[in-house]
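Here's the structure we're looking at; comments come further down.
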Amino acid sequence: MKYDHKQIEKKWQDKWEETGVFHASNSSDKPKYYTLIEFPYPSGQGLHVGHPRSYTALDIVARKRRLQGYNVLYPIGWDAFGLPTENFAIKNHVHPAEVTKKNIARFKSQLRSLGISFDWSREINTTDPEYYKWTQWIFLQLFKHGLAYKKEMSVNWCTSCKCVLANEEVVNGVCERCGSEVIHRVKSQWMLKITEYAQRLIDDLELVDYPERVKAQQINWIGRSTGAEVDFSTTAGDKLTIYTTRPDTLYGATYMVVSPEHPVIEKWADKLKNMDEIRAYQVEAAKKSDFERTEVAKEKTGVRLDGVSAINPVTGKEIPIFISDYVLVSYGTGAIMAVPAHDTRDWEFAKKFDLPIIEVVKGGDVQNEPFTDCATGVMVNSGILDGLTVEQAKKKIIEYLTEKGIGHAKVNFKLRDWVFSRQRYWGEPIPIVHCEKCGYVPVPESELPLRLPDVKSYEPTDNGESPLAHMTDWVETTCPHCGGKARRETDTMPQWAGSSWYFLRYMDPHNSNAFASKEALKYWGEVDWYNGGMEHTTLHLLYSRFWHKFLYDIGEVPTPEPYAKRTSHGMILGENGEKMSKSRGNVVNPDEIVDEYGADTMRLYEMFIGDFEKSAPWSAAGIKGCRRFVERYWNLQNNISEETGIRKSLETSFHKTIKKVGEDIENLKYNTAIAALMALMNDLADAGSITRDELKIYTILLNPFAPHVTEEVWEAQKLGEGMVCQQQWPSYEKSKCMEDTIEIAVQVNGKVRARLSVAADVTKDDALAAAKAEDKVSAEISGKKILKEIYVPGKLVNIVAK
RNA sequence: GCGGGUGUGGUGGAAUUGGCAGACACGCCAGAUUUAGGUUCUGGUGCCGCAAGCAUGCAGGUUCAAGUCCUGUCACCCGCACCA
């Protein structure tokens, strides 16, 4: 009997589909378990070997849970809106919907060939109007609750995509997707108030089981800081409010800086004597890309506002005001007090513009370098704060400012509101009309979905308008409120919209009255285990937590957090250890691997490749080892013993392996779970045969990893009723996980001198006596004084002698 | 600068609470089977050796015992970053 992976795998994939064994039930007596992977973007390149790493891992969990008697939901769908599809459509003059359809078909057949136990009856597609109807519906709820608003503002503009980007989509000053330069552009944009949830997005991380690095990255991104807002009066008459985390250093504030975009500049225009110079600086700053502007080690630049100065509220001294691009308009108040003695940036600026540097915390040499590491220092030159520690001074100055009515404690976040409109075609239309009389009016919910109209050209425009803007028939409409003339919003939603709630749709994917029924939402509750990439930590993962919290607040979902447990897989690199990419020529095509070695081997290899959470290089040689393992399993059929049960000599091996495989799956240790199965295989090889009962257990243990070949062996050997995937996960007995006789090490002064075979429950005295009887040991300790004797049960004895 | 992480054979990687470093696999060496190659099977394989020894980035420390704990240090990776 030869192992023919092609025939076997096709056969079982068809069988699973026909019987629907992996379909989840919304009404089951069994406990529920919801496993989730990030649904793929169906790109034109097809499946990447990285995809199956995550899918297989959770497939193993899902399959194990079914064997453990759970009603498991392991769904799949398509996150299909997005730019690559649109760009391909433009280039090849096909409709994006056609491209999407084709790509999905390819992905689907590729995924099917891997034998992942997805519930295909719940397949969803974000570009399906029946799906995006509900994406639009949620947007309308956000709008109605004041969390979606339109605002004229400076936004990130990708010069190549010709489209705005959220802050989360700008990486190192370039577009996250295409790597092109990002510049600033003032545009009227739809925004979502994610900032309203900033604190809760931090706090509720305590409710969930996420890896530390994910939590840390989200907290870091949200960027909470505590400090104070302080009003400085100015010679222009009005006040200038700043934010600082170091109000204790207020006496050392010798000048102020406002960002180039700060509104006071226009306000003071008639008072400023060097307006030309200021305007020139503003223009320069606006022209710079994010990349240039945030370049580190760049020399400080700026222009003094000649004609207006400020008063330090505690020293009463008049201090100059500058504009400089080192102050950001979008953080704090867009204005700072500069304390050059204790801030590196302020110090550099002060040195360049020859401004006074006043030490207010003792301990540094502030004329020669900024003294910033001063959290434990003592205040000087600081009036009422003199002699206090920094901590005390912070408290006291805030009390003082509050009392005087010129300042107060303030918490600030780096997180900014989410820029939610895109000037592209292939996305969900934003269901809002603009009426001259009534303003922004939501499309009535009864009119959803607001379908994407067919357009002749999807080309993005240089003037920053969506291609939809040319569709006069569609754009010109009537106001749902007053019936007057109105225009539709022509921007579309960003790619992240559909994925912000998709896991809820899986619970009840065909519901036409709600995004999911209350019963379904209650039954499935939180996603129990969600695996996905680290690259989504501050994008999809944060966005979807935000939407979910909003839905929770308005009573639409029963839990405050969407995902109970999150894990993250490492990347699969090319054989050369570099990231797989076409340009590097190190891409491995999963189709070829499945074709040559089979899905079971591919799955095993991807799990065996290394620590699941770390990246690992692909190895063509390594995969052969897994294929050998599958064949060794297959060949067990040739040596079936007449005996029954688990033979005594293999009892410990089996119980140990059942324990280890089960535990390792729960702890993302797929590699060592497979190693344990291989080790047991070696034991079976030593035994020369396998009993039917042993084969039964081995087959169930291996099934989550290699589902096809195990089903085939199960059927061929008639190991039991039904399929393997319908059996029960085996249990182990703790007492049988340890051999009766074990080998322990004998150390003298910490060095191993002998090994000893003893009964597992040997006493300390017996173990030591046996140890001393060893020639090598007695030679070592003869004539020496025994200082200490240590016995670690089951491991070793150590004799300390001098 | 801030935050998270990694460093172990020729390679990928294993090592609950500190308790025999190198599980499992790849590769390599030798042998068997085969007309030959591949496949398969058996044995060997950290380093240096006659022995004693030496080995988890480096240097110290704690301990009967350290890959694991502590102090210092170097290198690399990831995320954020003129965030006041």
Side-chain angles (χ1 to χ4, degrees), chain A residues 171-172 211-221 223-225 227 242-246 249 253 257 259 293-298 300 324-328 330-339 342-346 348-349 372-373 412-416 534-535 537-538 570-571 577 604-605 608-611 613-626 628-629 631-632 635 663 667 669 671-682 685 743-756 787-802:
Chain A
V171 175
N172 295 329
E212 201 45 50
R213 53 182 175 154
V214 172
K215 288 191 183 184
Q217 217 168 293
Q218 288 205 346
I219 290 169
N220 195 25
W221 181 262
R224 185 183 195 269
S225 73
I242 60 96
Y243 172 72
T244 178
T245 54
R246 294 296 305 277
T249 61
V257 187
S259 70
R293 193 162 160 178
T294 62
E295 211 177 350
V296 277
K298 188 188 69 176
K300 296 277 176 292
S324 172
D325 64 2
Y326 87 88
V327 173
L328 309 174
S330 50
Y331 185 74
T333 62
I336 62 157
M337 68 174 197
V339 184
H342 304 285
D343 181 280
T344 312
R345 298 150 303 179
D346 296 347
E348 286 169 6
F349 194 88
T372 56
D373 191 18
N412 241 322
F413 297 95
K414 287 191 211 171
L415 184 71
R416 297 177 219 167
M534 279 307 287
E535 69 276 17
T537 301
T538 55
M571 261 192 301
L604 279 163
Y605 177 63
F608 189 61
I609 194 167
D611 185 332
E613 296 185 271
K614 290 190 201 128
S615 50
W618 185 267
S619 156
I623 197 161
K624 287 192 182 141
C626 289
R628 262 177 226 161
F629 171 61
E631 292 201 28
R632 286 180 82 196
N635 290 331
E663 287 173 356
N667 296 318
K669 302 246 174 200
N671 53 340
T672 49
I674 293 169
L677 286 165
M678 288 173 167
L680 179 56
M681 178 71 73
N682 290 340
E743 192 176 76
I744 62 170
V746 180
Q747 297 181 338
V748 177
N749 293 332
K751 295 215 163 117
V752 179
R753 296 297 176 191
R755 281 168 225 282
L756 213 53
L787 300 175
K788 211 168 187 178
E789 291 170 333
I790 292 132
Y791 170 58
V792 183
K795 302 276 184 189
L796 53 71
V797 297
N798 188 11
I799 298 165
V800 185
K802 208 177 169 186

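Convention: sequence-line order gives letters A, B, ...; per-chain numbering from 1. Side chains are part of it too, since the values below use all heavy atoms of this structure and drop only hydrogens, waters and symmetry mates. Nothing here was measured: the structure is a model prediction, and the numbers come from that model.
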Review point. Does the side chain of A:Lys669 get closer than 4.0 angstrom to OP1 or OP2 of B:A23 through an N or O atom?
Key: no
Point to revise | Distance, C1' atom - from B:A52 to B:G5, rounded to whole angstrom | key: 40 Å
Check your understanding: Would one find a side-chain N or O of A:Asn635 under 4.0 angstrom from OP1 or OP2 of B:C41?
Key -> no
Practice item. Establish whether the base of B:C82 is bridged to the side chain of A:Lys300 by a donor-acceptor pair shorter than 3.5 Å. Key: yes
Practice item. Please work out if A:Thr244 contacts a base, only the sugar-phosphate, or nothing of the nucleic acid, heavy-atom cut-off 4.0 Å. Key: sugar-phosphate
Review point. Does any nucleotide pair with B:A30 by Watson-Crick or G-U wobble geometry, both distances under 3.5 Å, and what is it?
Key: B:U42
Check your understanding: What's the base orientation of B:G61: syn (chi within 90° of 0) or anti?
Key -> anti
Practice item. Can you tell me the pairing partner of B:C76 across any strand shown, Watson-Crick or G-U wobble, with both distances under 3.5 angstrom? Key: B:G5
Check your understanding: A:Glu743 near the nucleic acid: base, sugar-phosphate alone, or nothing, with a heavy-atom cut-off under 4.0 Å?
Key -> base
Check your understanding: Between B:A25 and B:G44, how far is it from one P atom to the other, in whole Å?
Key -> 13 Å
Review point. Looking only at atom C1', what distance separates B:A55 and B:A21, rounded to whole Å?
Key: 9 Å
Point to revise | Separation between the C1' atoms of B:U42 and B:C69, rounded to whole Å | key: 44 Å
Point to revise | A:Asp343 side-chain N/O to A:Val339 backbone N/O, donor-acceptor pair under 3.5 Å | key: no
Review point. Across the strands shown, which category fits A:Asn412 at heavy-atom distances under 4.0 angstrom: base, sugar-phosphate, nothing?
Key: nothing
Review point. Do A:Tyr605 side-chain atoms and A:Trp618 backbone N/O form a donor-acceptor pair below 3.5 Å?
Key: no
Practice item. Mind checking A:Phe629 for me? I need base, sugar-phosphate or nothing, with any heavy atom below 4.0 Å counting as a touch. Key: nothing
Practice item. Check whether any side-chain heavy atom of A:Tyr326 lies under 4.5 Å from a side-chain heavy atom of A:Glu348, and answer yes or no. Key: no
All N/O contacts under 3.5 Å from nucleotides 61-66 of chain B to the protein, with atom names and distances to one decimal?
| from | atom 1 | to | atom 2 | distance (Å) |
| --- | --- | --- | --- | --- |
| B:C64 | O2' | A:Asn798 | ND2 | 3.3 |
| B:C64 | O2 | A:Asn798 | ND2 | 2.6 |

Study note, to complete from the structure: The Watson-Crick or G-U wobble partner of B:G49, with both key distances under 3.5 Å, is none
Review point. If we call it a pair only when both distances are under 3.5 Å in a Watson-Crick or G-U wobble match, what pairs with B:A81?
Key: none
Exercise for review: Name the pairing partner of B:A65, where a pair is Watson-Crick or G-U wobble with both distances under 3.5 Å, or state none.
Suggested key: none
Review point. So what does A:Ile609 touch, heavy atoms closer than 4.0 Å: a base, only the sugar-phosphate, or nothing?
Key: sugar-phosphate
**Study point:** Test item: A:Asn749 side-chain N/O and A:Ala801 main-chain N/O as donor-acceptor pair under 3.5 Å
**Key:** yes
Check your understanding: In whole Å, what separates the P atom of B:G38 from that of B:A32?
Key -> 15 Å
